[in-house]
Asks: 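I have a structure here, written as structure tokens, and I will follow up with some questions on it.
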Amino acid sequence: MADITQQMNNLSVEQGSQGNGSSRSQYVPPHLRNRPSGGNGSFGGNRRGGFNNNSFGGYDNNRRGGYSNNNNSFGGYNNRRGGFNNSRGSGRYNTPKPGVGRWVDGKHEPAERNDRLEKELYGVDDEPTTQSSGINFDNYDDIPVEASGEGVPEPITAFTAPPLDPLLVENVKLSRFTKPTPVQKYSVPIVAAGRDLMACAQTGSGKTGGFLFPVLSESYMNGPASVPETAGAFSSHKVYPTALVMAPTRELVSQIFDEAKKFSYRSWVRPSVVYGGADIGGQIRNLERGCDLLVATPGRLKDLLERGRVSLANIKYLVLDEADRMLDMGFEPQIRHIVQECDMPGVEDRQTLMFSATFPKEIQYLARDFLKEYIFLSVGRVGSTSENITQKILYVEDEEKKSVLLDLLSANDNGLTIIFTETKRMADNLADFLYDQGFPATAIHGDRSQYEREKALAAFKTGSAPILVATAVAARGLDIPNVSHIVNFDLPSDIDDYVHRIGRTGRAGNIGIATAFFNRNNKNIVKGLVDLLTEANQEVPDFLSKIARESAFGGKSMRGGSTRGGRGPSRDFRKQGGGFGGSSSSNWGNSSSSSSSGGWGASNNGGYSGYSGRSNGYSSSNYGNPSASNSWW
DNA sequence: AAAAAAT
């Protein structure tokens, strides 16, 4: 173990010395560093003097169906480049664009309020754009919260200024958020204290606000960072965002951007969004109008970095939403590239925040590469589901699924229903089938064009197609009001995927129903399912307990790839119990073992010392070399 | 084995 700790320390030293090249012997919270030093904004100006502020390309509104997606970015006030820039622009501040504030002479100058914009951003009274809190919202307070790591600050209890910035509080109120959720209560002071954070909280419990509130509030109070000397040559075509948020799907990134627009109203912070499948030219033009908070999918961001359109040299806040997914096999190399091999400040010189409802133990381990002395926060057991969701498991053979589905849909109320399938082909097939049967269904999956994806999602949201057949693309993060029913037409093989899928309902204290079709092809998930249902006080059908017992004898041990169907090593290796997180029992308040997603207190001591709490050590050979995990098999 | 993410 000593040996392991040593390796971890070495790793952290190496990281600290990369990025923008400054390693520090003494820790200084990022929010106390890189304060703008007077030069910032002192030229106050619009370096793009003659730029046409109103030239929103047709791109956004045309392509994006129901989204209202003006970037509100005003031509060029993005001016914080000290001496670089004095020769550019007149220094005269042109007619301000509504809703866009400024950071001038080390002070925040919020813009005036604007009725039209407020209506656009927050809706009118009878049609709020924000999902209202449900009847069980206050029950969140009963969920046990664990925050571990050194010096965890006291949680806030309300949206007040201080400690939050007054403008942020106003915007939160306009968005009809009345009271912080548990994850928000803790994340606000943790981020304000300059700490890194790994936050695990149930689906629908306010994680997006959990990072946007503190990041924006701190940004309003502290202003932009100055561009480090080590930054590449100045280019008027390059933007230097202060905060970067990455998420695994385009629709989720778009949704986070829409939220960011609400909370950044009137401030100096201009949010932008970039993702694949959409016209990159339009996105670049939007970036050029200013970009302080960038919300991105990894692939498109990498592209823009290579094109020299974005610099990460100014990043103070790095947020990974759905962090376990972002660090899973498919994404981890891209994230590692963006975070460690481009120009982003090193781990010691930025704040890194990770959020998810699930966080398998070996991914938590991987995550430490990107975190410094962090606080681990969990609301409820990591990977548990909200009790606001009533879960039903039906035994349905494959051939019967369609007819049972028709029965379910016929009996449904007027809420929205999402049906998950395992394959894109089946999603199309099923959507066509339902449509032919007279059900207004549409489909979303990765083989559809981005335009079709967004159109499908918009049609679903507005209720013109109240049935959405979806693959995993819609499993995480999407916050769609009035989704009352989730059907797992096919169950996923990973219990964490199930958790995210059913989490599209039962959000913000509202209730929801999740129905799953189970048969013997789903043995791989049966134990996780039984544990999950038990923990969430849901009924466990007899057939399920029975199959779980059978499986406990038969094929549970997956060592050596000996299970049924030749199921070899896969990302499910984390379920094997060895190596990382101990056994896979579900446990509340028992730190000696944990489920796949890590239990209470499993990773408690933020930072590397947390390791000492583990009895199980690492049997895997790639310890200390996480990137090797990609070539593990 | 599937899905997602740049073109």
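Protein chains get the first letters and strands the later ones, always in sequence-line order, with residue 1 at the start of each. Small disclaimer: the values here were computed from a predicted structure and weren't measured.
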Asks: Counting side-chain heavy atoms from C-beta on, which of B:dA1, B:dA5, B:dA4 comes nearest to A:Ser493?
Replies: B:dA1
Asks: Taking N and O atoms by type only, does the side chain of A:Arg325 place a donor or acceptor under 3.5 Å from a partner on the base of B:dA4?
Replies: yes
Asks: Please enumerate all residues that pass side-chain hydrogen bond (donor to acceptor under 3.5 Å, both in side chains) together with A:Ser403, with sequence neighbours excluded.
Replies: none
Asks: Check whether any side-chain N or O of A:Arg453 sits under 4.0 Å from OP1 or OP2 of B:dA5, and answer yes or no.
Replies: yes
Asks: Applying a 4.0 Å non-hydrogen cut-off, can you work out what A:Gly330 is touching in the nucleic acid: base, sugar-phosphate, or nothing?
Replies: base
Asks: Can you name the one residue among A:Leu394, A:Val487, A:Thr515 that meets side-chain contact (heavy atoms from CB on, under 4.5 Å) with A:Val404?
Replies: A:Leu394
Asks: Which of the following nucleotides, B:dA6, B:dA5, B:dA3, is nearest to the side chain of A:Ala472?
Replies: B:dA3
Asks: Find the distance A:Arg425:CZ to B:dA2:P and express it as a whole number of Å.
Replies: 10 Å
Asks: Between P on B:dA3 and CZ on A:Arg250, what's the gap in Å once rounded to a whole number?
Replies: 15 Å
Asks: What is the distance, to the nearest angstrom, from the NZ atom on A:Lys302 to the P atom on B:dT7?
Replies: 12 Å
Asks: With sequence neighbours excluded, tell me which residues meet side chain to side chain contact (heavy atoms under 4.5 Å, CB included) with A:Glu306.
Replies: A:Lys302
Asks: What's the closest nucleotide to the A:Thr423 side chain, out of B:dA6, B:dA3, B:dA4?
Replies: B:dA3
Asks: Would you indicate, yes or no, if B:dA2 has its OP1 or OP2 atom less than 4.0 angstrom from a side-chain nitrogen or oxygen of A:Thr471?
Replies: no
Asks: Are side-chain N/O atoms of A:Arg350 and A:Thr352 paired as donor and acceptor at under 3.5 Å?
Replies: yes
Asks: Rounded to whole Å, how long is the line connecting atom CD of A:Glu322 with atom C1' of B:dA5?
Replies: 15 Å
Asks: What nucleic acid atoms does A:Arg307 come within less than 4.0 Å of, heavy atoms only: base, sugar-phosphate, or nothing?
Replies: nothing
Asks: Could you check how far CD of A:Gln450 sits from P of B:dA4, rounded to whole Å?
Replies: 11 Å
Asks: Whole-Å distance between B:dA2 P and A:Arg501 CZ?
Replies: 14 Å
Asks: Tell me the interatomic distance from A:Asp279, atom CG, to B:dT7, atom C1', rounded to whole angstroms.
Replies: 13 Å
Asks: Exactly one of A:Thr203, A:Asp324, A:Asp494, A:Asp497 should register a side-chain hydrogen bond (donor to acceptor under 3.5 Å, both in side chains) with A:Thr358. Which one does?
Replies: A:Asp324
Asks: Whole angstroms only, please: what is the CG-C1' distance between A:Leu301 and B:dA4?
Replies: 16 Å
